[in-house]
Amino acid sequence: MANQPAVAKTAISPRREEDFPEWYQQVIRAAELADPSDVRGCMVIRPWGYGIWENMQRQLDLMFKATGHRNAYFPLFIPLSYMQKEAEHVEGFAKECAVVTHHRLDIGPDGKMRPAPSAELSEPLVVRPTSETIIGATYAKWVQSYRDLPILINQWCNVVRWEMRPRVFLRTTEFLWQEGHTVHESEVEAREETRRMLDVYETFVRDHLAIPVFSGEKSESERFPGAVQTLCIEAMVQDRKAIQAGTSHFLGQNFSRASGIEFQTRDGRQELGWTTSWGMSTRLVGTLIMAHADDDGLVLPPRIAPTHVVIVPITPKGETRAAVHAAANNLAAALRSISYGGSPLEVEVDQRDLGGGVKNWEWIKKGVPLRVEIGPRDLESGNVAVTRRDQPVKSKEFVLANDFVCRAIEILDSIQHNLFDRAKQFRDANTRIIESKEEFYDFFTPKNPSKPEIHGGFALAHWDGSREVEEQIKSDLKVTIRCIPFTGTPERGTCVFTGAASPQRVVWAKAY
RNA sequence: CGGGGUGUAGCUUAGCUUGGUAGAGCGCCUGGUUUGGGACCAGGAGGUCGCAGGUUCGAAUCCUGUCACCCCGACCA
């Protein structure tokens with residue numbers, strides 16, 4: 001007998017605990033979500049990954065429409081002068097802007113193509129890192145009266161931020177996102193909008209991505225450049241780091257002032273509009289991966305999966321092949337007639353002439369919620385073998401095909417809830433109330449500094465509100481305040497670092 | 001932009017010290033046996049060894065330059 005390996009073979013290597021960043025890359029590769037591109041910092045989003053993004057878009061779009069928003073599209077290019085309009089905004093984005101300076105190529109003296117010196121733009125164009133400025137300039141033309149308000153617009157588009165250290169989905173130079181931009185008559189209304197859209201994100205991430213979040217406000221140092229207030233939702237992924245899953249900004253009158261969004265009020269005065277902006281991006285795909293995937297690959301919450309059920313026909317003998325395929329297709333048809341989350345169940349029959357094991361493992365790595373095998377033995381019994389992706393790989397269950405059809409939605413819902421519960425349990429287990437500086441430093445210091453193990457988590461600790469403390473902690477531990485959480489009953493206390501008064505606990509963590 | 005490292009087939013890589021113009025595993029293709037946990041047998045395709053120059057009869061190997069990428073620091077959805 002050969003030696004049993006110490007740990008079961010996993011589809012993804014290394015495992016999460018061995019090397020989390022490398023595991024993440026391998027999951028993306030194994031699940032065929034995306035490829036790194038020849039252009040540094042950019043990615044090719046493959047159909048399986050794009051399918052997930054499309055489902056995110058579809059669901060969020062419904063939610064935006066339901067809260068009164070409409071889609072529009074604004075230019076990719078922003079005149080350089082627009083970027084200068086809001087001082088903090090310029091400072092925040094200047095270091096990561098791609099700039100277009102020419103509008104033609106020609107052949108240079110060395111015989112190679114180059115931007116034609118004769119075709120230099122009189123004013124350089126910035127590829128949008130976000131669209132506040134150009135949308136603001138447009139809104140300034142649209143708004144004259146309080147009757148023109150509110151303006152509630154969203155756009156789906158790509159943006160470019162020239163990042164030093166790209167990582168697929170998490171931090172790419174070009175990424176896809178959604179940016180909402182609204183103008184309101186009053187501060188109260190704009191603040192309500194800011195909070196409403198954060199709640200939309202929280203609901204979406206909880207109910208569709210099965211990820212629990214802390215929602216709250218950013219500290220001043222983490223605020224969006226130019227915003228008065230930045231709200232966010234913060235998730236914990238499996239290496240216990242925090243990741244911002246969505247943000248909503250109350251911009252006050254800063255961008256209105258910069259862009260000249262002015263309107264006549266009900267009592268005849270001229271007033272600046274109150275604006276908001278809010279966004280979430282393809283980063284959520286990365287968040288989803290790091291939140292739920294395991295050592296065998298991706299694990300998709302059913303509500304966001306491009307395919308809910310994959311049927312794998314097992315056809316060992318030639319004479320039963322046709323009958324097995326027919327049974328598989330019948331089952332698929334029955335399942336497709338069921339509605340799930342407002343549209344038909346997505347069912348794939350994998351008829352490729354490959355071994356059952358090979359096919360199964362491919363779907364495991366892609367994270368399909370339910371796998372169903374139909375083989376010759378099932379033709380008479382009417383059974384199918386069902387495996388849930390949230391259960392161990394070999395936990396196959398034989399059930400009557402008809403029963404499975406009846407219970408499919410129930411099982412998917414059960415997977416959805418199980419993934420959420422699992423993620424919440426993980427987060428709660430790694431969220432610690434911390435009362436002293438020593439405890440805090442201990443929590444965020446790995447046992448093995450040369451090759452840090454997965455450690456830390458969320459620390460709920462009192463903070464005196466000073467920027468100095470934030471900077472000290474960041475430089476000592478790379479830990480930052482992820483948010484000042486919304487809480488019904490703030491618990492007063494004293495800062496664990498300075499002993500000064502603290503109005504409430506804040507969430508600290510290492511972050512992506 | 002500072003410090004360190006690496007470039008050989010789609011991926012992981014051997015060979016480099018001691019020059020003799022490429023080998024493996026996985027993947028891919030063909031045929032067959034298979035198919036209910038990643039199968040097997042046989043055959044096959046794929047590399048101007050990052051790029052440019054130099055030394056040499058001869059360079060993946062030695063020298064010079066250059067480019068790219070990775071890791072660690074400052075920035076970030």
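Order of the sequence lines fixes the chain letters, A, B, ..., with proteins taken first and strands second; residue numbering starts at 1 for each chain. Bear in mind the structure is a predicted one, so any value in this text is a computation, not a measurement.
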Is any side-chain N of the basic residue among [X] and [Y] closer than 4.0 Å to the acidic one's carboxylate O?
X        : Y        : result
A/Glu32  : A/Lys365 : no
A/Arg16  : A/Asp295 : yes
A/Lys447 : A/Glu453 : no
A/Asp353 : A/Arg321 : yes

Determine the contact category for [X]: base if any of its heavy atoms lies under 4.0 Å from a base atom, sugar-phosphate if only primed atoms, P, OP1 or OP2 are that close, otherwise nothing.
X        : result
A/Phe93  : nothing
A/Gly357 : sugar-phosphate
A/Arg29  : sugar-phosphate
A/Val393 : base
A/Gly375 : base

Rounded to whole Å, please give me the gap between [atom1] in [X] and [atom2] in [N].
X        : N     : atom1 : atom2 : answer
A/Leu354 : B/G36 : CG    : P     : 11 Å
A/Leu379 : B/G36 : CG    : C1'   : 13 Å
A/Arg46  : B/G10 : CZ    : C1'   : 11 Å
A/Lys359 : B/G38 : NZ    : P     : 14 Å
A/Asp350 : B/G38 : CG    : P     : 16 Å
A/Arg352 : B/U34 : CZ    : C1'   : 16 Å
A/Lys394 : B/G38 : NZ    : C1'   : 14 Å
A/Trp361 : B/G27 : CH2   : P     : 15 Å

How long is the span from the CD atom in A/Glu132 to the NE2 atom in A/His89, to the nearest 0.5 Å?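 Between atom CD of A/Glu132 and atom NE2 of A/His89 there are 5.0 Å.
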To the nearest 0.5 Å, what is the distance between CD1 (A/Ile12) and CG (A/Asp296)?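 Taking CD1 in A/Ile12 and CG in A/Asp296, the distance rounds to 7.5 Å.
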[atom1] atoms of [N] and [M], separation to the nearest Å:
N     : M     : atom1 : value
B/C67 : B/A52 : C1'   : 10 Å
B/A60 : B/A9  : C1'   : 14 Å
B/C70 : B/G27 : C1'   : 24 Å
B/A22 : B/U33 : C1'   : 34 Å
B/C26 : B/C63 : P     : 35 Å
B/U12 : B/U30 : P     : 25 Å
B/C41 : B/G19 : P     : 40 Å
B/A77 : B/C71 : C1'   : 24 Å

Would you say the rings of A/Phe444 and A/Phe440 are close, in the sense that their centroids are separated by under 6.0 Å?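 Centroid distance A/Phe440-A/Phe444: below 6.0 Å, so yes.
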With both distances under 3.5 angstrom, what nucleotide forms a Watson-Crick or G-U wobble pair with [N]?
N     : answer
B/G31 : B/C41
B/C1  : B/G73
B/G7  : B/C67
B/U48 : none

Verdict with supporting geometry, A/His181 and A/Phe255, ring-ring contact (aromatic ring centres under 6.0 Å, His included): CA-CA 11 Å; A/His181 295 272; A/Phe255 283 87; 8.7 Å; no
Between protein and nucleotides 70-77 of chain B, map the contacts as a letter string: B base, S sugar-phosphate only, - none, heavy atoms under 4.0 Å, written 5' to 3'. S-SBB-BB
How would you list, by chain and number, every residue that makes a ring pair (Phe, Tyr, Trp, His ring centres under 6.0 Å) with A/Phe64, sequence neighbours excluded?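 Scan of A/Phe64 (ring pair (Phe, Tyr, Trp, His ring centres under 6.0 Å), adjacent residues dropped) gives A/Trp278.
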